[in-house]
Amino acid sequence: MPLLDEKTQTQEFIETEEKYGAHNYHPLDVVIERAQGCWVYDVEGKKYLDCLAAYSAVNQGHCHPKILEAMLQQAHKVTLTSRAFRNDQLPLLYKELHDLTGFEMALPMNSGAEAVETAVKAARKWGHKVKGIPDSKAEIIVCANNFHGRTVTIVSFSTDEQYRDGFGPFTPGFKIIPYGDAAALRQAITPNTCAFLVEPIQGEAGIVIPPPGFLKEATEICQQNRVLFIADEIQSGLGRTGMLFAYMHEGIRPDAIIVGKALSGGFYPVSAVLASKEVLGVFNPGDHGSTFGGNPLACAVARAALRVLVEEKLPERSAELGTYFLEKLRTLRSPDLKEVRGRGLWIAIELHSEARPYCEALKEEGILCKETHDHVIRIAPPLTITREEIDWAFERIRKVIEKG
Ligand SMILES: *Cc1c(COP(=O)(O)O)cnc(C)c1O
């Protein structure tokens with residue numbers, strides 16, 4: 001790069017990105033070059049408190065030293081074996097996931113969407129081979145306003161028109177019910193239903209918490225009808241809501257869960273489906289796979305990321321500091337404010353008007369947030385945030401919200 005003053009450098013990066021890259025995102029115009037903990041630094045040297053945490057992939061904080069160390073150590077040894085051979089990290093990740101979560105087995109993938117696809121395949125195959133649903137007839141029930149990723153099959157059951165526009169033909173076999181409606185779930189089930197796939201709290205929809213008792217009732221309905229209850233915990237899981245997993249708030253036990261994002265603390269894409277032997281046992285050699293899934297670098301990173309979650313008690317921190325933050329945010333007063341809600345350090349500020357201008361204004365104050373759909377500001381900092389940093393953030397959020 002030629003020597004440019006910093007402002008111009010920011011513009012140059014943005015122009016290069018816009019010129020040579022597909023425009024499938026509309027990012028805030030901040031060009032980040034490094035990060036540590038809850039803070040990110042742009043190319044002009046300005047620092048910002050990260051209140052998005054990469055959609056909860058960096059629950060452990062940016063560039064956590066212990067995860068970094070595990071990644072470097074492993075990168076020196078071996079990074080990729082493919083599953084054609086075994087490696088000495090994958091069995092340990094399996095065991096540690098089992099010990100931490102109680103699920104019998106895991107199947108590792110890379111991105112969240114791949115793990116959702118894996119869960120869909122597992123549910124369908126279980127439906128056919130174990131439940132006895134005729135081949136190619138299995139149905140999966142999902143909820144309106146869901147977000148489970150971006151593959152063709154996954155957008156086939158999205159209710160967001162933009163996610164689908166122009167991408168058909170779509171994958172059949174999905175039924176959509178209103179989120180939080182147990183009666184609708186009961187009605188939608190047929191003898192061909194193999195699974196109910198649900199976010200315990202809907203993230204991308206705007207941190208939508210279902211009515212109390214819904215998840216419990218839904219698991220009971222699923223059990224009565226021999227339907228798998230699959231929780232997508234990719235964003236809600238691994239401490240974000242103040243417990244290890246969001247489903248735990250209702251004391252239930254899903255048949256399968258999907259994890260990703262913070263499973264790597266943001267270093268590397270690592271995802272997995274966790275389930276019983278009965279469910280994951282349907283896969284035989286050659287049925288499903290991924291070149292990078294379960295690679296030793298990913299496993300070493302995930303093992304360290306899980307250790308950090310436990311050692312630093314991040315779910316407990318999230319519960320305590322989330323309550324603290326939420327109580328403060330509930331004191332905000334503005335005619336534009338519709339609702340403040342949340343669980344753990346996963347908080348939605350819902351407005352009557354567009355959220356984007358507020359996010360732009362927060363950026364000027366040194367806080368990075370992203371609007372979720374049109375009217376929600378999502379506050380989801382790394383779970384390592386301190387009380388003092390919350391106080392600091394709150395004063396700035398108050399200034400921006402109350403100014404309107
Ligand atoms: C982010 C997310 C996904 C998709 O994960 P990717 O890694 O982006 O493919 C799926 N489900 C939920 C609930 C998510 O938040």
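Just so you know, ligand 1 is whichever comes first in the structure, and atom 1 is the first atom listed for that ligand. Computation of the quantities below employed the complete heavy-atom set of this structure, encompassing side-chain atoms and omitting hydrogens, waters and symmetry-equivalent molecules.
- Residue contact check: A113 has heavy atoms under 4.0 Å from atoms 4 (C), 5 (O), 6 (P), 9 (O) of ligand 1.
- For atom 8 (O) of ligand 1, the nearest protein heavy atom is 4.0 Å or more away.
- No salt bridge links R307 with E312; every basic N to acidic carboxylate O contact stays at or beyond 4.0 Å.
- Across N225 and I221, no two heavy atoms sit closer than the pair ND2-O, 2.7 Å.
- Considering backbone and side-chain atoms alike, G112 places an N or O below 3.5 Å from some N or O of ligand 1.
- Within the structure, every pair that satisfies the ring-ring contact (aromatic ring centres under 6.0 Å, His included) test and touches residues 30-72, not counting sequence neighbours, is listed here: W39-W392.
- Residue contacts with ligand 1, taken as heavy atom pairs separated by less than 4.0 Å, involve F147 via backbone and side-chain atoms alike.
- For ligand 1, the atoms closer than 4.0 angstrom to any heavy atom of H148 are 10 (C), 11 (N).
- Interface atoms of ligand 1 facing D232, defined by a heavy-atom separation under 4.0 Å, are 10 (C), 11 (N), 12 (C), 13 (C).
- Ring pair F283/H288 is parallel by interplanar angle, where below 30° counts as parallel and above 60° as perpendicular.
- Proximity of K261 to ligand 1 is established by a heavy-atom distance of less than 4.0 Å.
- Classification of E371 and R356 as a salt-bridged pair holds, one side-chain N sitting under 4.0 Å from a carboxylate O.
- Ligand 1 has no N or O atom lying under 3.5 Å from any N or O atom of E199, backbone or side chain.
- Side-chain contact between L238 and L263 is present, with at least one heavy-atom pair separated by less than 4.5 Å.
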